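Note sheet for the following structure.
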Amino acid sequence: MKPEATTPLAPWRPRAPPRPRPRLREDIVARPDISDSPDDWWRSAVIYQIYPRSFADADGDGVGDLAGITSRLEALADLGVDAIWVSPFYRSPQKDAGYDVADFCDVDPVFGTLDDADALIARTHELGMRIVVDIVPNHSSDQHAWFQAALAAPPHSAARARYIFRDGRGDSGELPPNTWQSVFGGPAWTRVIEADGTPGQWYLHLFDSTQPDLDWTQEQVREDFDAILRFWLDRGVDGFRVDVAHGLVKEEGLPDYTDEQLIAASIGDTTAPSPHFGQEGVHEIWRRWRAVLERYGADRILVAEAWVEPLTRMALWARRDEMHQAFNFGYLMTPWDSGALRAVIDASLDAFSRVGAPSTWVLSNHDVVRHATRLGLADVPPLGHGVGRDTPGLPETEHGVRRGRAATLLMLGLPGGAYLYQGEELGLPEALDIPAQARQDPAWFRTGGERYGRDGCRVPIPWEAQAPGFGFSPTGASWLPQPDAWGRFARDAQRGVPGSTLEMYRSALALRADLALGTGDFAWVDAPPGVIAFDNGATRIVTNMTGEPVTLQDPLLAGEVLLASTPLEGSFEPDSTVWIRRA
Ligand code: NOJ
């Protein structure tokens, strides 16, 4: 028995010359295409999300930057990921940590320069990885020149047409144009003061009031974004993660929510049909974007951030002529429950294969409570609300990390593409003790502190246990305070340490590549209640969620143990996953 297998790293490399893909009609139930074409790298790739503010800070100001990322990239090649996705680093007043973009074709000085972006792209490629950047088409910053021009222009002018300005309701326009609510809390409309000093029109912002929504019925907006895509493709990026890819198009006439929709929206529920999310018209935009990318080659990708349910609906974003992938948030939101997990895996494989796409799998990102904490909670707060020290039922750290590791090995055993979020490979839990005065998320401010928001998953990550700021920044400065206890999670405290979370991730990624799990054949295996078991090719993946140990003599576990999330010493412990080469 080998408790922790470590096999040589297998970075991405072209394998065979491209071959034409069969064209399937959308209504035919299809398996996702399995292809050796290097163009299809994304179908089985493991993509690592970098949140630039919190990854590595080269200039010592306490905010991560592009030079910092470049200087630490070797650690990601060493981890064995195929690609990185970098959250926004564009010019921005940082009211929503960079998702409020003031210039889509420039780098914010806090993150560096365009030369730094070029250096990052080049170094990523040199190390055999791909790079996907974020693009934010639903809205801009209120500091964008387009919005400033709109504010300076009169109502109903061409400059205002780029955004969604409307006259208010009520006798003197004193009421918002409709009842829509901002995802961050409060009304989704803000009234402007016109040039003559009087209160005037209102503009729509589905997020913060500093993030006005663009009007995608305008051809000018569409052309501007074509040019933005080309700007980054020309610089060599391999694709885009598309922010709010279910937004952009609003129902004609901007009708009020029903009471039911209003409640659903206020708790972050995306299943209810809404007049601003998941409108049919968005798909036409993705077809247009796909055509822009295809001119650069079939290996450039689009991945949708589309919070829509059910999965059959989300899969529409990954149709052959639209995006390549969509983040599987249905999977991310599934609690630690064997029945629920089986159901969501079935639904995912089915929904995405119907459109010929691979499923993706994801457990953490910069908007959700880190999975080493979240999966231990009995009641997970609604999306974006976050957790703090007083949240009921917080898991004890060891237990949360153990469950998080089991969840990761289960996820990485599934066929398709997988997304990792920086720090999860270190087993980081959510940071719970961020003082009110240090918090930054607009959701915290817009709800008067009622929602903790997302700062707890965005704390700068630890690199070196003994260095100031745990090696995040040479000065020890950090834009969000790092918990004192995080030294034990530092990368240098885990690298080369058998059984550490970092080594578990490294082994899992190396094995995943060697065993071709990303493109393997999936089949459920009968298992007792509370145990999840499936075969991926010749590899069996078993997770014990029963709360009790399972005996190692169980025929389910017959074969050579390749990797285990908890050491196997006489029994297969609860909250553990094991990978087995079947006998
Ligand atoms: C989704 C992003 O992931 C989130 O961080 C951001 O606040 C909103 N979109 C608005 O851009």
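Below, all heavy atoms of this structure are taken into account, side chains as well, without hydrogens, waters or symmetry copies. On a predicted model such as this, the values are computed, not experimentally measured, just so you know. Atoms within each ligand, like the ligands themselves, are counted from 1 in listed order.
Within the listing of ligand 1, atoms 10 (C), 11 (O) sit less than 4.0 angstrom from a heavy atom of H139. Below 4.0 Å from some heavy atom of R458 lie the following atoms of ligand 1, by number and element: 5 (O). Short contacts between ligand 1 and R454, defined as distances under 4.0 Å to a heavy atom of the residue, involve ligand atoms 4 (C), 5 (O), 6 (C), 7 (O). Under a 4.0 Å criterion applied to the non-hydrogen atoms of H366, ligand 1 contributes the atoms 2 (C), 3 (O), 4 (C), 5 (O). Below 4.0 Å from some heavy atom of V244 lie the following atoms of ligand 1, by number and element: 9 (N).
A salt bridge does not link R300 with E294: every distance from a Lys NZ or Arg NE/NH1/NH2 to an Asp or Glu carboxylate oxygen is 4.0 Å or more. Ionic pairing of R454 and D96 is present here: one or more N-O contacts between side-chain nitrogen and carboxylate oxygen are shorter than 4.0 angstrom. D321 has no carboxylate O lying under 4.0 Å from a charged side-chain N of R319, or vice versa, which leaves the two without a salt bridge. The pair R370-E424 does not count as a salt bridge, with every side-chain nitrogen at least 4.0 angstrom from each carboxylate oxygen.
Remark: R451 fails to qualify as a cation-pi partner of W444 under the 6.0 Å distance and 45° angle criteria applied to the six-membered ring. For the pair R222 and W216, the cation-pi test (distance below 6.0 Å, angle within 45°) is failed.
Closest to atom 1 (C) of ligand 1 by heavy atom, among D243, V136, V183, is D243.
Counting only heavy atoms of the protein, atom 5 (O) of ligand 1 lies nearest to D367 OD1, 2.7 Å. Nearest protein neighbour of atom 7 (O) of ligand 1, counting heavy atoms only, is D96 OD2, 2.6 Å. Closest protein heavy atom to atom 8 (C) of ligand 1: F207 CE2, 3.8 Å.
Of the heavy atoms in K95, none comes closer than 4.0 Å to ligand 1. Looking at D100 against ligand 1, nothing comes within 4.0 Å, counting heavy atoms. In F184, the part holding a heavy atom less than 4.0 Å from any atom of ligand 1 is the side chain. Of all the heavy atoms of Q49, none lies under 4.0 Å from any atom of ligand 1, so neither backbone nor side chain is involved.
Ring-plane geometry between F207 and H139 is classed as tilted, the angle between the planes lying from 30 to 60 degrees on a 0 to 90 degree scale.
Nearest heavy atom pair, residue I131 against residue H125, reads CG2-NE2, 3.9 Å.
Dense packing is recorded around CG of D234, with more than 12 heavy atoms of other residues, nucleotides or ligands lying under 6.0 Å away.
Taking a 4.0 Å cut-off on heavy atoms, H205 fails to register as neighbouring ligand 1.
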